[in-house]
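Here the structure comes first, spelled out in structure tokens, and everything after it is commentary.
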Amino acid sequence: MTWTVTSDEAERNTLGAVLISSALFAEVSGYVEAADFAHPAHVAIWRAMARLDADKRPIDLLTTWDQLAADNATDRLTALGGTAYLEDLLCGVVTVENVAYHAKKVGRLAERRRWGMVLRELAASTYAEDIDEEGFFGGAEARVLELLQQRRSTGSLITAKQGLRLVLAEIDDRYEHRDKPVRGVTIGVGDFDRAANGLRASQLMVIAARPSVGKSALMGNVVEHVSRAGMPVLVFSLEMEASELFERMVAAGGTSADRLRTGKLETRDFVQLNRTASDIATANRISVDQSGALTIAELRSRTRRWRAGDGKGEHALVCVDYLQLVRGSRDKGQKREEEVAEVSRGLKALAKELKCPVIALAQLNREVEKRGNKRPGLSDLRESGQIEQDADIVAFLYREEVSNPDCKPEDKGTAELIIAKGRGMRCGVVRLVFQADHQRFLAASQRGNQ
């Protein structure tokens with residue numbers, strides 16, 4: 001049996017309802033566009049209606065026909081009866097109250113047709129003898145991802161009643177868990193976690209610093225902390241090998257990083273090393289993608305698959321090391337700033353889509369080194385102000401001894417996590433201790449544990 005992925009009835013009812021009431025065009029246009037109509041005549045009619053609406057003119061039988069004539073599109077209706085066809089559309093509507101239902105159906109069927117066309121093309125291309133496999137798989141993923149991004153979300157509009165219901169439910173949940181110090185995903189930095197009340201689903205946090213300050217080390221601390229809490233973590237390590245990331249975690253567990261690097265280990269080191277490795281392996285919630293180069297489309301595709309498999313759960317975390325190493329679509333003529341902006345928007349969209357926070361490390365521009373006070377600010381984010389706009393939280397990692405080797409003795413081994421932007425939290429400075437030999441950041445109150 002062959003099924004036709006069209007509905008002439010739904011298309012006719014949608015157009016007819018708008019002919020009856022111009023005001024319905026605003027509602028219906030949220031569900032369909034001209035390309036969604038399968039019948040060529042219906043495409044022409046919708047385009048005429050859209051032009052009338054844009055020009056703030058009424059939409060009825062006569063104005064629509066006049067606009068079709070102005071668009072040189074009346075020939076598409078002549079064979080169907082001309083103005084009589086428009087009359088049939090208008091008279092065929094039983095009630096305009098169901099227009100949203102019919103419009104949504106037109107949109108859904110159009111989406112299915114687009115998917116069918118792409119899948120047929122991909123199926124046919126698999127049999128090509130001279131196929132470039134890397135190009136094929138990358139292109140296939142990109143096309144499917146594009147289709148997913150084009151999907152309309154009919155539930156994106158929230159009324160005041162719905163919004164207040166969501167807020168009251170959230171407040172009630174907070175009250176029920178009021179004795180729990182922190183909700184959401186904690187990163188293991190006490191003062192920050194309390195101020196932010198944990199990272200929430202859909203949040204994008206950017207941690208930026210100059211090279212050699214310890215961004216990757218801090219990320220490793222976060223990954224270990226989150227995984228030990230039983231939550232799945234996905235790390236895109238675009239700069240380091242996975243083995244280097246895990247070695248840093250082992251060092252953070254108490255084994256000297258220098259002795260790990262040189263192999264000059266003592267018996268107590270092996271005891272500590274095995275204990276830490278066992279703890280990390282037991283949690284077994286860490287996944288590392290060590291691809292050296294990824295586009296934002298590839299990153300989103302891989303994260304989506306992870307979230308559906310190993311990344312299942314109410315709470316999860318995605319880490320990207322680092323943002324400027326992710327490539328954009330590289331459209332012709334695209335500037336570097338535009339590419340970074342595309343990646344930044346993509347990471348924020350990913351956090352919202354998969355309902356889990358994303359932490360992205362970022363580089364700062366070199367201008368910060370030319371100032372007397374080298375503490376970074378939002379203007380120092382490298383290559384794109386879009387990062388500041390997309391991120392819910394922007395934090396800068398700063399160590400005085402890196403910027404000023406001749407700093408005071410009391411500043412050595414210290415660090416600052418400068419919260420420059422925070423939606424839902426106060427900005428300020430979280431003081432930390434950096435144990436270089438263990439690649440570990442601790443709260444300032446733990447300095448005596450060095």
Side-chain angles (χ1 to χ4, degrees), residues 1-120 143-144 146-163:
M1 181 180 293
T2 301
W3 295 91
T4 303
V5 193
T6 60
S7 175
D8 191 64
E9 180 182 321
E11 293 188 9
R12 290 171 63 91
N13 273 276
T14 300
L15 296 172
V18 176
L19 287 173
I20 292 174
S21 174
S22 294
L24 291 175
F25 183 86
E27 176 184 355
V28 172
S29 60
Y31 306 124
V32 295
E33 56 188 33
D36 291 339
F37 291 90
H39 199 302
H42 296 169
V43 173
I45 294 170
W46 183 263
R47 285 177 176 160
M49 290 176 166
R51 181 67 61 83
L52 291 169
D53 181 74
D55 293 342
K56 294 182 171 55
R57 288 182 286 162
I59 301 173
D60 59 30
L61 190 150
L62 295 178
T63 58
T64 301
W65 181 259
D66 288 343
Q67 187 59 51
L68 284 165
D71 294 340
N72 296 316
T74 53
D75 58 322
R76 296 189 179 183
L77 273 76
T78 300
L80 301 175
T83 55
Y85 186 75
L86 295 179
E87 292 176 2
D88 288 342
L89 292 178
L90 191 150
C91 296
V93 177
V94 177
T95 174
V96 297
E97 292 181 0
N98 297 330
V99 64
Y101 170 82
H102 296 298
K104 289 176 185 178
K105 185 173 183 179
V106 172
R108 287 197 305 270
L109 291 175
E111 185 178 5
R112 287 171 57 184
R113 290 197 301 276
R114 284 191 288 270
W115 274 84
M117 181 181 68
V118 169
L119 294 176
R120 282 195 298 272
R143 295 196 68 181
V144 172
E146 183 181 0
L147 287 172
L148 288 169
Q149 292 173 332
Q150 289 174 352
R151 295 200 67 184
R152 292 189 184 85
S153 176
T154 56
S156 60
L157 295 177
I158 302 294
T159 65
K161 183 182 291 186
Q162 292 170 324

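Below, each value reflects all heavy atoms present in this structure, side chains not excepted, and no hydrogens, waters or symmetry copies.
- Residue Glu11 comes nearest to Ala38 through the heavy atom pair OE2-N, 2.7 Å, listed as atom of the first residue, atom of the second, then distance.
- A salt bridge does not link Lys104 to Asp36: none of the charged nitrogens lies less than 4.0 Å from a carboxylate oxygen.
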**OP:** Give the C-alpha distance, both sets of side-chain angles, the deciding distance and a yes or no for side-chain contact (heavy atoms from CB on, under 4.5 Å) between Val106 and Tyr31.
**Re:** CA-CA 8 Å; Val106 172; Tyr31 306 124; over 6 Å; no
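- Among all heavy-atom pairs drawn from Thr14 and Ala103, the shortest one is OG1-N, 3.4 Å.
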Residues 80-102 side chain polar contacts: donor-acceptor under 3.5 Å, at least two apart:
| residue | atom | partner | partner atom | Å |
| --- | --- | --- | --- | --- |
| Tyr85 | OH | Arg12 | NH1 | 3.2 |
| Tyr85 | OH | His42 | NE2 | 2.7 |
| Thr95 | OG1 | Glu97 | N | 3.2 |

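- Residues Arg113 and Ala35 come closest through the heavy atom pair NH2-O, 4.5 Å.
- Under the side chain to side chain contact (heavy atoms under 4.5 Å, CB included) criterion, Ala23 pairs with Ser21, sequence neighbours left out.
- Rounding to the nearest 0.5 Å gives a distance of 10.0 Å between CG of Asn13 and CG of Asp8.
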Just list the side-chain donor-acceptor pairs under 3.5 Å for residues 51-64, sequence neighbours left out, or say none.
| residue | atom | partner | partner atom | Å |
| --- | --- | --- | --- | --- |
| Asp55 | OD2 | Arg57 | NH2 | 3.1 |
| Arg57 | NH2 | Gln67 | OE1 | 2.6 |
| Asp60 | OD1 | Leu62 | N | 3.1 |
| Asp60 | OD1 | Thr63 | N | 2.8 |
| Asp60 | OD1 | Thr63 | OG1 | 2.9 |
| Thr63 | OG1 | Pro58 | O | 3.0 |
| Thr63 | OG1 | Asp60 | N | 2.9 |
| Thr63 | OG1 | Asp60 | O | 3.3 |
| Thr64 | OG1 | Asp60 | O | 2.7 |

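- Counting only residues at least two apart or on different chains, no ring pair (Phe, Tyr, Trp, His ring centres under 6.0 Å) pair has a member in residues 65-84.
- Atom-to-atom distance recorded for Arg108:CZ and Glu111:CD is 9.5 Å, nearest 0.5 angstrom.
- Counting only heavy atoms from C-beta outward, the side chains of Leu15 and Phe37 approach each other to under 4.5 Å.
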